[in-house]
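Computed from heavy atoms alone, side chains included, the values below leave out hydrogens, waters and symmetry copies. Values in this document were obtained by computation on a predicted structure and should not be read as measured data.
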Amino acid sequence: MEEKVTFTMLQFFPLKMLISAGCFLALKCVTGYLANNSRKSVIIRETNGLIHAFIASYLSITAFMSTPPLLDDLIKNSNDTALTCVGISTGYFLADSLVIIFQFSKKFGKNTESASLNINILFHHLAAFGAFYYALCSQLFIGYSTMCLLLEVSSIMLKV
């Protein structure tokens, strides 16, 4: 009975996702203390996004290079690297969404222009989190999700 409960918990709370979310939250908190004005805050947010972009780019390229049949069926095929890539990215989007919600609730009513920008980013991150989380829990669309994370390569160029 205990094994079944553990398996069910890991199915809905994948360990790689939780570890990734914890690491990205810690990174945001540590680097957040360095920001003493809004410009530094933007630089720190971009730096954290750049770190995710490098990790996701490397893992998504490696996943397709290591298992070419992953391209044959993007819905049912998977490999460990692709699962890791999607798990880390799901954790990143979860952590970033939580930080945005916290920052928005903290600044609510003070600066509406900044608040609307955060809401736009929040909806984007929640949509990405939902799609990747579904892929992790169902073990379907891992190949497709990994292919979507190949876009992080262009994100590196945009952020730099």
Side-chain angles (χ1 to χ4, degrees), residues 8-35 38-61 63-64 70 74-76 78 80-160:
T8 303
M9 284 182 62
L10 287 177
Q11 183 179 0
F12 292 110
F13 300 106
L15 193 57
K16 290 175 185 175
M17 179 194 76
L18 295 176
I19 291 170
S20 172
C23 289
F24 278 108
L25 279 172
L27 182 65
K28 292 231 181 222
C29 289
V30 168
T31 56
Y33 286 118
L34 302 175
S38 63
R39 181 68 188 140
K40 282 187 180 179
S41 208
V42 169
I43 291 170
I44 287 169
R45 186 178 68 230
E46 292 298 321
T47 302
N48 289 330
L50 188 61
I51 291 168
H52 168 255
F54 273 113
I55 292 169
S57 296
Y58 173 76
L59 289 175
S60 59
I61 291 169
F64 282 107
L70 188 62
L74 295 175
I75 296 174
K76 294 182 182 173
S78 181
D80 288 340
T81 308
L83 283 168
T84 300
C85 181
V86 174
I88 288 172
S89 293
T90 306
Y92 166 76
F93 287 117
L94 173 62
D96 214 36
S97 296
L98 292 173
V99 167
I100 291 168
I101 289 169
F102 176 74
Q103 287 174 346
F104 179 73
S105 65
K106 197 171 161 182
K107 294 180 181 178
F108 186 70
K110 292 182 182 176
N111 187 348
T112 56
E113 184 179 321
S114 174
S116 67
L117 174 65
N118 286 341
I119 289 173
N120 291 333
I121 294 171
L122 177 63
F123 284 136
H124 162 73
H125 283 204
L126 286 175
F129 169 75
F132 293 142
Y133 181 75
Y134 176 78
L136 279 178
C137 290
S138 69
Q139 294 295 303
L140 296 172
F141 302 104
I142 297 295
Y144 181 75
S145 298
T146 305
M147 184 172 276
C148 290
L149 288 166
L150 282 171
L151 293 173
E152 292 298 324
V153 173
S154 66
S155 180
I156 292 171
M157 304 306 170
L158 289 171
K159 289 181 188 309
V160 169

Contacts of type side-chain hydrogen bond (donor to acceptor under 3.5 Å, both in side chains), residue Ser89, not counting sequence neighbours: His52
Contacts of type side-chain hydrogen bond (donor to acceptor under 3.5 Å, both in side chains), residue Thr84, not counting sequence neighbours: Lys16
side-chain contact (heavy atoms from CB on, under 4.5 Å) between Leu83 and Gln139, worked out: CA-CA 9 Å; Leu83 283 168; Gln139 294 295 303; 3.6 Å; yes
Residues forming a side-chain contact (heavy atoms from CB on, under 4.5 Å) with [X], sequence neighbours excluded:
X: Ala135; result: Phe141, Ile142, Ser145
X: Leu25; result: Ala95, Leu98, Val99
X: Ala128; result: Phe93, Phe132
X: Leu150; result: Ser60, Ile61, Phe64, Met147

Partner residues of Phe129 under the ring-ring contact (aromatic ring centres under 6.0 Å, His included) criterion, sequence neighbours left out: Tyr133
Interatomic distance, [X] atom [atom1] to [Y] atom [atom2] [nearest 0.5 angstrom]:
X: Leu59; Y: Glu152; atom1: CG; atom2: CD; value: 11.5 Å
X: Ser97; Y: Phe102; atom1: OG; atom2: CZ; value: 15.0 Å
X: Leu18; Y: Leu94; atom1: CG; atom2: CG; value: 8.0 Å
X: Asp80; Y: Cys85; atom1: CG; atom2: SG; value: 12.5 Å

Nearest atoms (heavy-atom pairs only) where Ile55 meets Phe24: CD1-CZ, 4.4 Å
Shortest non-hydrogen contact from Gly87 toward Leu136: CA-CD1, 3.7 Å
Donor-acceptor under 3.5 Å (Ser20 side chain, Ile88 main chain): yes
Contact list for residues 88-105, test salt bridge (charged side-chain N to carboxylate O under 4.0 Å, His left out), sequence neighbours left out: Lys28-Asp96
